[in-house]
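Computation of the quantities below employed the complete heavy-atom set of this structure, encompassing side-chain atoms and omitting hydrogens, waters and symmetry-equivalent molecules. All ligand and atom numbering here is 1-based and tracks the order in the structure.
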Amino acid sequence: MRSWPELSIPELSSGFALPALSLYNTASAQVEELAKKKIYRMYVCGITPYDATHLGHAATYLTFDLINRYLRATGSEVLFVQNITDIDDPLLERAQRDGISWSELAESQINLFRGDMADLHVLPPSDYVGVVEAIPLVITAIEKLQIAQTTYQVEEDLYFRIHSDPEFGTRSHYTNSQMLEIFAQRGGDPQRAGKENPFDALLWLAQREGEPGWPSPFGIGRPGWHIECCAIALNYLKPDPRDDFAIDIQGGGSDLIFPHHEMSAAQSRIIGDQRFARMYVHGGMIGLDGEKMSKSLGNLVFVSALIQQGVEPTAIRWALMGHRYSEDLMWSDSLMSTASEEVERLRLNLARMEVAPTTPVIENLIAALSKNLDTPEVLDVLRRWMLDTESGVVGGEAGELGRALDSLLGFSL
Ligand code: 5CA
Ligand code: ZN
């Protein structure tokens, strides 16, 4: 699938040393340093294209963009892959409700998403992969699970024995009853008769009447959700078999911790004979009117609507950076208007002939980012610099700061 256009990133001057990036790893429940490496492999779960792009999506992709930008600024290469769940139950349900074809709905939403990501200055993935185009890879992945004797059939559908992975559950840390409840809420089928274990994951769903299907050795049907992400990640990120983990970062919002990332990791472990991700990094949920922003609730604020109202994308980034990525945020219009004012003030300060010293500002914002993306501190560092500049402190170089803000924060000023 076509990605969105590449952006040029100004180089940080070599005078700035970037410490190793620390991130909160859901699997270890600790903030950990990501050891310096030449190549990082990052997989971020992409949209199901039927209601793009709301601020929850924007927050999640902004988080991984900041990680991408930081790791690239250290001089490393970042292989970054993202999927599109362009066939799944919710997409089919929405298409049916609206009386359009699922593929047209997906295509229009993917186009919207690409435009929004480009507007938001999110660096594009090295590979942007739809599930439909990845079906041959999914089939090969399922065949590997079959060879390892970890699959079984329930009627015409195929399941994975989740406990084939001895580490099942260790990435998400929920109790059995919590897992049961969440699994049922997030697309799982713990009650289905014929399953060996309630948590076993659907690998291949036989074609249902009125639904699309693709030929496979397991019959005509379509992939289950979790297998799509591990098949795409393992194929496009090309893990090094000598590494302890197939990839460095598995990312997404915290709604994916269980079952999605737990199940993908379990399947991947059998397919690749390697532990899946070194770190599981999750963004908090963005909400509106007291509830998580979600398509099913319909309480959405769209990036495209904000931009149409004249909000500048840098202000959207600023507004979302006001809270720590891992925490939930209740959105309000006042966050947007304050962010727009602060970004305008930043622009005016960068345009001054004389500005307060900039090198320590860049050092401080690098330090804040390195500490589990402390973006509230990043904004405070910039606010202190604006105050100093406005009160007549001199000695800085606005161009140097503007380039650092572009390269590390994706600000276009
Ligand atoms: N296609 C699957 C992942 S394979 C999916 O979850 N799609 S999604 O469209 O529902 O979400 C896309 C990404 O945005 C996911 O990483 C999800 O965790 C994140 N996300 C969804 N809603 C929110 C929200 N309200 N706040 C923050 N992130 C969200
Ligand atoms: Zn996913």
If you scan protein heavy atoms around atom 6 (O) of ligand 1, the nearest is L256 CD2, 3.6 Å

### Message
Atom NZ of residue position K37 - does it have more than 12 heavy atoms of other residues, nucleotides or ligands inside 6.0 Å?
### Response
yes

At under 4.0 Å between heavy atoms, what of N83 touches ligand 1? The answer is side chain

Will you find, in the side chains of S172 and E262, an N or O donor that is under 3.5 Å from an N or O acceptor? yes

Closest to atom 22 (N) of ligand 1 by heavy-atom distance, out of Q109, H261, H54, H226, is H54

Atom 27 (C) of ligand 1: of P90, G56, G187, the nearest heavy atom sits on G56

**Residue pair D98 / Y50, side-chain donor-acceptor N/O under 3.5 Å** = no

heavy-atom search around atom 25 (N) of ligand 1 in the protein gives M293 O, 2.9 Å

shortest atom 14 (O) of ligand 1-to-protein heavy-atom contact is with H57 CD2, 3.4 Å

Note: ligand 1 atoms sitting under 4.0 Å from heavy atoms of C229 are 4 (S)

One finds that the ligand 1 atoms under 4.0 Å from a non-hydrogen atom of T85 are 1 (N), 2 (C), 4 (S)

Would you say C45 reaches the Zn ion (ligand 2) with an N/O/S atom under 2.8 Å?
yes

Are H282 and H261 close enough that their ring centres sit under 6.0 Å apart?
-> yes

Between E377 and the options R384, K371, R324, the salt bridge (Lys or Arg N to Asp or Glu O under 4.0 Å) test singles out R384

Closest to atom 18 (O) of ligand 1 among protein heavy atoms sits D255 OD1, 2.6 Å

- Item | Q96 atom CD: more than 12 heavy-atom contacts under 6.0 Å | no

Any N or O of W225 closer than 3.5 Å to N or O of ligand 1: no

Check the pair L23, E32 against side-chain contact (heavy atoms from CB on, under 4.5 Å), reporting the backbone distance first and the verdict last.
CA-CA 6 Å; L23 292 170; E32 288 174 8; over 6 Å; no

- Query: Is the centre of the W4 ring less than 6.0 Å from the centre of the F113 ring?
  - Reply: yes

In this structure, atom 12 (C) of ligand 1 is nearest to the protein heavy atom Y61 OH, 3.3 Å

*Under a heavy-atom criterion of less than 4.0 Å, does G46 contact ligand 1?*
yes

Task: D273 atom CG, over 12 foreign heavy atoms within 6.0 Å - done: no

Requested in this report: Can you establish whether the number of heavy atoms outside E6 located under 6.0 Å from its atom CD is more than 12?
Outcome: yes

among protein heavy atoms, the one nearest atom 26 (N) of ligand 1 is I286 N, 2.9 Å

The atoms of ligand 1 lying under 4.0 Å from a heavy atom of K292, numbered in the order shown, are 25 (N)

Assess Y50 for proximity to ligand 1: is some non-hydrogen atom of it under 4.0 Å away?
no

Any N/O/S atom, backbone or side chain, of C229 lying under 2.8 Å from the Zn ion (ligand 2)?
yes

Within-shell test, S254 vs ligand 1, heavy atom, strictly < 4.0 Å: no

Here the gap from L62 atom CG to R69 atom CZ, rounded to the nearest 0.5 Å, amounts to 9.5 Å

If you scan protein heavy atoms around atom 19 (C) of ligand 1, the nearest is T60 OG1, 3.7 Å

heavy-atom search around atom 9 (O) of ligand 1 in the protein gives K295 NZ, 2.8 Å

Counting from 1 in the order shown, the ligand 1 atoms closer than 4.0 Å to a non-hydrogen atom of G253 are 16 (O), 17 (C), 18 (O)

*asked:* Measuring centre to centre across the rings, with the benzene-like ring taken for any Trp, is H54 within less than 6.0 Å of F302?
replied: no

task = Look at atom CD of Q191 and say whether more than 12 heavy atoms of other residues, nucleotides or ligands are closer to it than 6.0 Å.
result = no

Note: ligand 1 atoms sitting under 4.0 Å from heavy atoms of H260 are 4 (S)

query: Okay, side chain of Q109, backbone of A106: is any donor-acceptor separation there less than 3.5 Å?
result: no

Between ligand 1 and A59, can you find any atom pair, the residue atom being a heavy atom, that is separated by under 4.0 Å? no

